[in-house]
Each structure stands twice: as C-alpha cells, then as structure tokens.
Amino acid sequence: GSRSKIGDIVIVVISPGIPEIRISIEAKSGSSIGRKELVRQTRDGVKIRGAVCGIGLMERKHMGVRQQVVEKEGENFIVGVDWDNQDFLALEVVYRTLRAQLIAEEIRSSGEDGIDVNSLKKHLTQAKTDLGLLQGLRGGVSSAITTLEDNRKSLDIIRDKINVELSKAEDLL
C-alpha cells in the first residue's frame, strides 16, 4: 500500500499452523550507499512493510575491509553478495537460517514445542561457521589465482626475451 521505495522485496513465509511471517529485503547494487545508510533503510523497510526483520544486501566488493560478509544489526542482517558472479550463497544461508529460526519461534510460542531446539541451533550455527570458512577460502583462492596469472605473464615476458636473445645470437652467425 505504500509508495515508498524502501523495502525492495517482501518475503512472506507460510508454514502450516503458524501465521504469515514477513521479511523485508533492501537491495543495493552500487557503491553509492554506505553501511550506515543501508542499516537505516533496512530498518525502515521492516517498519514500512510490516516485517519482523530485514536483510540489507550490498555488493561484497563495496563492503569495508573489516566488514564481514554477514553482519547482524539488531533484528536485521547486512549481507554481502556478488552480483557480477551470481554468488548469493551468503544471502541463501542468512535467509534459510532466519526462516528456520522464525518458524521455530512461532511454533514454540504457540505451545506446540516439538522442535529439538538444540539440534536446530547446532545445524544453523554450523552452516554460518562453514560460510565463514568458505568466504575465507574464496579470498585465498582469488589471491592465488591473481598470483598465478601474474606469474604466467612474467613467464611469457621472459620466454619472449629468451627468443629475442636467441634471434640476436643467430643473427651474428
């Protein structure tokens, strides 16, 4: 009903036996928005869209050096994604974790607590931990690839120099 552009996407979680749960998504693809502004817009999106929480998306390459790919900000999350390479794993982990937690909370609050909360938390925590490991490895692999590409260029330059020197030596014969 609002004409506001804040709260780009609203996900309505529907699960048997519980009321609908709304999650607001605020997506920014450029470098024009900083973390503080994204946090503010994510909060506003939650209010405007009648959601229980929100996810603010920004390009990983525009995140601060010390900023994690997933950060919790109150009831909301700020998530770094890579639009260029279609890498949305961090968003998927946050969304699926958040969805599971919200459904579990609703089921528990209704008094039909048949959920093994400890197992649920264990699996969700492990998924987040593994996401952190993956992001760390991805950074290391990118650095290694850059190093290998630089080495390949150096090898080509040296090979060309060798061929030039051999040609000059042959010209002297």
Side-chain angles (χ1 to χ4, degrees), residues 4-11 13 23-46 49 51 53-102 119-173:
S4 174
K5 292 185 178 187
I6 294 177
D8 296 324
I9 302 163
V10 177
I11 298 173
V13 177
I23 301 171
S24 175
I25 309 286
E26 186 64 33
K28 301 297 179 194
S29 63
S31 62
S32 62
I33 189 167
R35 184 185 182 287
K36 280 185 175 181
E37 180 62 16
L38 180 58
V39 168
R40 187 192 65 73
Q41 287 188 19
T42 301
R43 284 185 183 139
D44 291 348
V46 167
R49 305 301 181 201
C53 60
I55 300 172
L57 299 179
M58 67 186 305
E59 288 195 70
R60 196 167 33 238
K61 66 185 175 187
H62 298 302
M63 296 178 95
V65 185
R66 296 176 190 226
Q67 197 172 350
Q68 298 293 318
V69 73
V70 174
E71 292 185 341
K72 188 155 176 42
E73 186 68 40
E75 74 282 358
N76 303 316
F77 290 88
I78 302 301
V79 179
V81 295
D82 185 352
W83 268 278
D84 295 339
N85 295 308
Q86 298 292 302
D87 180 7
F88 301 102
L89 180 62
L91 172 60
E92 182 179 357
V93 169
V94 168
Y95 168 70
R96 290 176 66 183
T97 300
L98 188 56
R99 182 181 186 280
Q101 289 172 334
L102 292 171
S119 289
L120 178 66
K121 285 182 180 178
K122 177 182 155 196
H123 292 299
L124 296 177
T125 300
Q126 188 61 51
K128 288 179 187 174
T129 300
D130 290 345
L131 175 63
L133 292 172
L134 178 74
Q135 295 301 332
L137 286 172
R138 183 173 281 145
V141 168
S142 293
S143 177
I145 288 171
T146 300
T147 300
L148 289 172
E149 288 172 347
D150 290 346
N151 286 346
R152 168 51 74 192
K153 289 175 187 172
S154 295
L155 288 171
D156 290 344
I157 290 169
I158 294 169
R159 182 198 64 224
D160 291 345
K161 279 182 71 178
I162 290 170
N163 284 329
V164 166
E165 294 302 322
L166 290 173
S167 292
K168 286 181 179 180
E170 291 169 346
D171 289 344
L172 293 173
L173 298 176

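Since the structure is predicted, the reported quantities are computational estimates derived from the model, not experimental observations.
Each of Ile9, Val10, Ile25 was checked for a side chain to side chain contact (heavy atoms under 4.5 Å, CB included) with Arg49, and the lone residue meeting it is Val10.
One finds a salt bridge joining Glu71 and Arg35 here, because a Lys/Arg side-chain nitrogen approaches an Asp/Glu carboxylate oxygen to under 4.0 Å. A salt bridge links Asp156 with Arg159: the distance from a Lys NZ or Arg NE/NH1/NH2 to an Asp or Glu carboxylate oxygen falls below 4.0 Å.
Checked against side chain to side chain contact (heavy atoms under 4.5 Å, CB included), Ile145 has the following partners two or more places apart in sequence or in another chain: Val141, Glu149. Checked against salt bridge (Lys or Arg N to Asp or Glu O under 4.0 Å), Asp84 has the following partners two or more places apart in sequence or in another chain: Lys61.
For the pair Leu131 and Ala90, the tightest heavy-atom approach, listed with the atom from each and the gap, is CD2-CA, 3.8 Å. The two atoms that bring Leu98 and Cys53 nearest to each other are CD2-SG, 3.4 Å, heavy atoms only. In plain terms, the two heavy atoms of Ala51 and Ser24 that are nearest each other are CB-N, 3.6 Å. Contact between Thr97 and Val93 at its shortest, heavy atoms only, is OG1-O, 2.7 Å. Across all their heavy atoms, Gly80 and Met63 have their closest contact at CA-SD, 3.4 Å.
Residues Glu37 and Lys28 form no side-chain contact, since every pair of their non-hydrogen atoms from C-beta on lies 4.5 Å or further apart. Residues Ile55 and Val94 meet the side-chain proximity criterion, which asks for heavy atoms closer than 4.5 Å. Side-chain contact check for Leu91 versus Phe77: every heavy-atom pair is 4.5 Å or farther apart. Counting heavy atoms from C-beta on, the side chains of Asp44 and Arg40 come closer than 4.5 Å. Put simply, the side chain of Leu57 reaches to within 4.5 Å of the side chain of Val79, judged on heavy atoms.
Shown here is Gln68, whose CD atom has no more than 12 heavy atoms of other residues, nucleotides or ligands within 6.0 Å. Heavy atoms from other residues, nucleotides or ligands lying under 6.0 Å from NZ of Lys153 number 12 at most.
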